[in-house]
J.: 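Just passing along the structure, written as C-alpha cells.
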Amino acid sequence: MTKRYYITTPIYYVNGAPHIGHAYTTIAADVLARWKRLAGYDVFFLTGTDEHGQKVEKAAAEAGLDPQSFTDRVAADFRDMAARMGASNDDFIRTTEPRHRHACSVLWQRLVERGEIYLGEYQGWYAVRDEAFYNESELVPGPDGTRLAPSGAPVEWVREPSYFFRLSAWQDRMLAFYAENPDFILPLSRRNELLSFVRTGLSDLSISRASFRWGIPVPGDPAHVMYVWLDALANYITAAGFPDEADPRWAFWPADLHLVGKEIARFHALYWPAFLMAAGLAPPKRVFAHGWWTVEGEKMSKSLGNVIDPRDLLARFGLDPVRYFLLREVPFGNDGDFSRRALITRMNVELANDLGNLAQRSLSLIARHCAATLPALPKSPTDADNTLLSAAAALPRDLAGALDRLAFSEALDEIWKIVRAANAYIDHQAPWALRRTDPPRMAAVLRVLADVLRIIATVLSPFMPESMARMLDQLGVPPSARDLAALAVPLPAGTPLPPPQAVFPRFAEPA
RNA sequence: GGCGGCGUAGCUCAGCGGUAGAGCAGGGGAAUCAUAAUCCCUUGGUCGGGGGUUCAAAUCCCUCCGCCGCUACCA
C-alpha cells in the first residue's frame, strides 16, 4: 500500500512582495516534503497564491492595472520565489484559475444544500476611508463626541445583505473534534488560544461581500462574491482534484499538514475544518502555526525599510546556508530574530568548520592515501567504530520522530551531535598517524568516516539539497542510492571517488 | 478586564520534584589530516522578587514585578 503525504503552505496573498516570512514557510514545507520522499512516501506538496479580495483590487488600481494583470505579475513573483528557495512543490495553485472557481462554486452549493448557509444582513461600524469594519470595542471617541475608527477615520453604521455560514452551530462539534484530535493544532500555545476562543462562543460567519467585485461570484447571486477566506482555504481541495473524486490526486485528501503562520491559525484550525465537515468532507489531519521573524531585533515593516527579500539573502549567502539557518536558529513555532551576525556564525562554525571541514579532511586522506577509492569496512571494528557507526545509524529513526513534531532545530541538533562525535573520532583515531604505523587500520577508520558522512549527508539532504548532493557525489554515492532505505546497503569497497572539494566555504566579510 | 504563556550562565535556549545543562562567546592545553578548521580541559548562574507545600523545588501552590500572545471576519 502506498504511503501518501499531502503538505501545503498557505497560498500567499498577492497584495505585497514576497518576504522572509513567506520563504520560511515554503522552506519548512519543502524540507518535510523532501524528507517524506526520502522515507519512501508518495508526496504531494502544494503552494500557490491567494488573489482575490478588496485589498488586491485596490493594490491593482494603485498600480494602474486591472486585477488580473496585477495578480498575474505578483503571482509570477511568488512562483519565482518558491523556485529560488529550492521548493520542490508538485503544484502551484492560483485562486483565479478556472479549476478553483469551479471547486469553490461546488463547495458553496454543497453547503447551501446542507443548510449551512443562509442569506442575512451584515451590519457594523464601517469606515469608508479605511474600507473596513470595526468592532464597537475598537472605536475611539472623537473630539465632538462622535465615534472614530482607531485610524481616526469617521465611521457609520452600515447594513448590507450577506450570506452567512452557520458557524455558531458548530461550536460543540468543533470542541469535540479538538478533544478527539489533541494534536490537530500545534504548537500547544496556539491550541490553547483557539480553544478559549471557541469556548467563548461562536457567531455565524459572514461569507460573502457585495461591496466589491474582485472575487468568485456566489452561485445564483452574482451581486455577491465569496468571502476571501472561504475562497482561499478551498484551494487545498481544489488542488487535490475536488470535486472530481475520481481524480488520482483526491487520494491525497485529507491533507496531512497545513503549515501556516501564527496569524492565520484560526482560519485554518477553526473555519476550515468547520467548512469541510459542514460540506461532508474530511478535515485536514494537522495544522501547525509557526512564528514570526524580526530582523536585527526589529519588527519587519515597510516604514523601517527592513523587509528582506529572501532572494537578496541567497545572492549574498547562498541558498543552503539560508535554509539551514532559518530552521536551525529558532525552535519551529517560536518567534525568532534574523541577524546577519547569527547567520554568519552558524555558516562558519557549523557548516564550514564542523561539517564541511570534517568531510574535507576525511576525503582528502582517502584521496591521498587510499588511491582515491572507498576503503573496505573494518574486518574487526573497535568499540569506537561501533559507537560512532551505531549512533549515526540511529539518525533516520530519531529524525523521523523529531520531524513528525516539526522540531526542525532539534533534528539538526541531533545531526550535529554526530558531526561533533565524528570530529572527535577522527582526532582520537588520528588516521594521519596510522598511515605510518598501521595502514590497514587507517583505511578502516577512513571507511567508518565515509559511511558516517554518507548517513549525515543523506539525512541532511532535505534541508540542504544542493550542498548534500555535492557531498554525496564526493562520497561516491550514486543518485539511485540516496534515500533512507539505501543506507542499509553499504557501498562496495573500491568505488572510485572524485577529488574532494569544499562544500561549505567559510564566509568572509567583504572588506 | 478575561484566558494563556514567558522570565535559568555574557548571548540564544533545554531541563519542569531528587543537591544546575547545551551551543555560541571567554580562558588554558594538545594535535597538525583539513576550509588556521579540529580535539581535550576549563571560567561563568543564590534558575525575576517574596511566601508556602515537601525528607527534597527552576521543577508544585500563592503573591508581587517585568515582558508577550489570544480576545471574530484584518496574509
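Each chain gets a letter, A, B and so on, in the order its sequence line appears, and its residues count up from 1. None of these values were measured; they are calculated from a predicted model. Hydrogens, waters and symmetry mates play no part in the numbers below; they use all other heavy atoms, side chains included.
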J.: Expressed as a whole number of Å, how far does the C1' atom of B/G66 sit from that of B/A75?
T.: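 Pairwise C1' distance, B/G66 against B/A75, rounds to 32 Å.
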
J.: Do nucleotides 36-42 of chain B as a string where each nucleotide becomes B, S or -: B if the base has a protein heavy atom under 4.0 Å, S if just the sugar-phosphate does, - if no protein is that close.
T.: -SBSS--

J.: Using Watson-Crick or G-U wobble geometry with both distances under 3.5 Å, which nucleotide pairs with B/U38?
T.: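 For B/U38, the partner nucleotide comes out as B/A30, under the 3.5 Å rule.
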
J.: Syn versus anti for B/A58, judged by chi lying within 90° of 0?
T.: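 Base orientation relative to the sugar is syn.
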
J.: Partner of B/G23 by Watson-Crick or G-U wobble geometry, both contacts under 3.5 Å, or none?
T.: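 Because both required distances fall under 3.5 Å, B/G23 counts as paired with B/C11.
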
J.: Can you tell me if A/Thr382 and A/Asp385 form a side-chain donor-acceptor pair at under 3.5 Å?
T.: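 There is such a pair (donor and acceptor under 3.5 Å, judged by atom type) between the side chains of A/Thr382 and A/Asp385.
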
J.: Counting only side-chain heavy atoms from C-beta out, which of B/C74, B/C3, B/A34 sits nearest to A/Ser196?
T.: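 From the listed options, B/C3 comes nearest.
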
J.: Using a 4.0 Å heavy-atom cut-off, does A/Asp50 contact any base of the nucleic acid, only the sugar-phosphate backbone, or nothing at all?
T.: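 Nothing, no nucleic acid heavy atom in range.
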
J.: Hey, can you tell me if A/His19 and A/His22 have their rings parallel, tilted or perpendicular (30° and 60° cut-offs)?
T.: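 Taking A/His22 first and then A/His19, their aromatic rings sit tilted (interplane angle of 30° to 60°).
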
J.: Taking the same atom, P, in B/C64 and in B/G1, what whole-Å distance lies between them?
T.: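 Nearest-Å result for B/C64 against B/G1 at atom P: 12 Å.
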
J.: Does one side chain, of A/His268 or A/Tyr236, offer a donor that lies under 3.5 Å from an acceptor on the other?
T.: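 Yes, A/Tyr236 and A/His268 have a side-chain donor paired with an acceptor closer than 3.5 Å.
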
J.: Under 4.0 Å between a side-chain N/O of A/Lys55 and OP1 or OP2 of B/A75, yes or no?
T.: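 Indeed, a polar side-chain atom of A/Lys55 lies that close.
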
J.: Across the strands shown, which category fits A/Arg191 at heavy-atom distances under 4.0 angstrom: base, sugar-phosphate, nothing?
T.: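 Nothing, no heavy atom under 4.0 Å.
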
J.: Verify the distance criterion only: is there a donor paired with an acceptor across the side chains of A/Asn235 and A/Thr95 at less than 3.5 Å?
T.: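 No, A/Thr95 and A/Asn235 have no side-chain donor paired with an acceptor closer than 3.5 Å.
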
J.: May I ask you to say what A/Ser206 touches in the nucleic acid, namely base, sugar-phosphate or nothing, with a heavy-atom cut-off under 4.0 Å?
T.: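 A/Ser206: base contact, heavy atoms under 4.0 Å.
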
J.: Distance to the ring centre below 6.0 angstrom and angle to the axis at most 45 degrees; does that hold for A/Arg173 and A/Trp170?
T.: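 Pair A/Arg173/A/Trp170 counts as cation-pi.
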
J.: Which part of the nucleic acid, if any, lies within contact of A/Phe197, taking any heavy atom under 4.0 Å across all strands shown: a base, the sugar-phosphate backbone alone, or nothing?
T.: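 Base, at least one base heavy atom under 4.0 Å.
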
J.: Answer yes if the side chains of A/Gln171 and A/Arg199 hold a donor-acceptor pair under 3.5 Å, and no otherwise.
T.: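 Side chains of A/Gln171 and A/Arg199: no pair found under 3.5 Å.
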
J.: Would you mind classifying the nucleic acid contact of A/Ile264 as base, sugar-phosphate or nothing, using non-hydrogen atoms under 4.0 angstrom?
T.: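 Touches sugar-phosphate only.
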
J.: State, without any angle test, whether A/Ser168 and A/Asp204 hold a side-chain donor-acceptor pair at a distance under 3.5 Å.
T.: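 Indeed, the side chains of A/Ser168 and A/Asp204 share at least one donor-acceptor pair under 3.5 Å.
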
J.: With a 3.5 Å limit on both atom pairs, tell me what B/C70 is paired to, counting Watson-Crick and G-U wobble, or say none.
T.: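 B/G2 is the nucleotide pairing with B/C70.
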
J.: Rounded to whole Å, please give me the gap between OH in A/Tyr271 and C1' in B/C74.
T.: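 My rounded result for the distance is 11 Å.
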
J.: Can a side chain N or O of A/Arg328 be found less than 4.0 Å away from OP1 or OP2 on B/U12?
T.: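 No, no such contact exists.
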
J.: If you look at every strand shown and take non-hydrogen atoms under 4.0 Å, does A/Arg199 touch a base, only sugar-phosphate, or nothing?
T.: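 It contacts nothing in the nucleic acid.
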
J.: Using Watson-Crick or G-U wobble geometry with both distances under 3.5 Å, which nucleotide pairs with B/A57?
T.: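 Partner of B/A57: none found under 3.5 Å.
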
J.: Under 4.0 Å between any heavy atoms, over every strand shown, what does A/Arg190 touch: base, sugar-phosphate, or nothing? Just pick one.
T.: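 It contacts sugar-phosphate atoms only.
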
J.: Quick one: label A/Trp229 by what it contacts on the DNA or RNA (base, sugar-phosphate, nothing), any heavy atom closer than 4.0 Å.
T.: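 It contacts sugar-phosphate atoms only.
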
J.: Do the side chain of A/Ser364 and the base of B/A34 come within less than 3.5 angstrom through a donor-acceptor pair of N or O atoms?
T.: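 When only heavy-atom distances are counted, A/Ser364 does not reach the base of B/A34 through any donor-acceptor pair under 3.5 Å.
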
J.: When all nucleic acid strands are considered with a 4.0 Å heavy-atom cut-off, which category describes A/Gly201: base, sugar-phosphate, or nothing?
T.: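 Result for A/Gly201 = base.
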
J.: Answer with base, sugar-phosphate or nothing: what part of the nucleic acid does A/Val503 contact at a heavy-atom distance below 4.0 Å?
T.: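 A/Val503: base contact, heavy atoms under 4.0 Å.
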
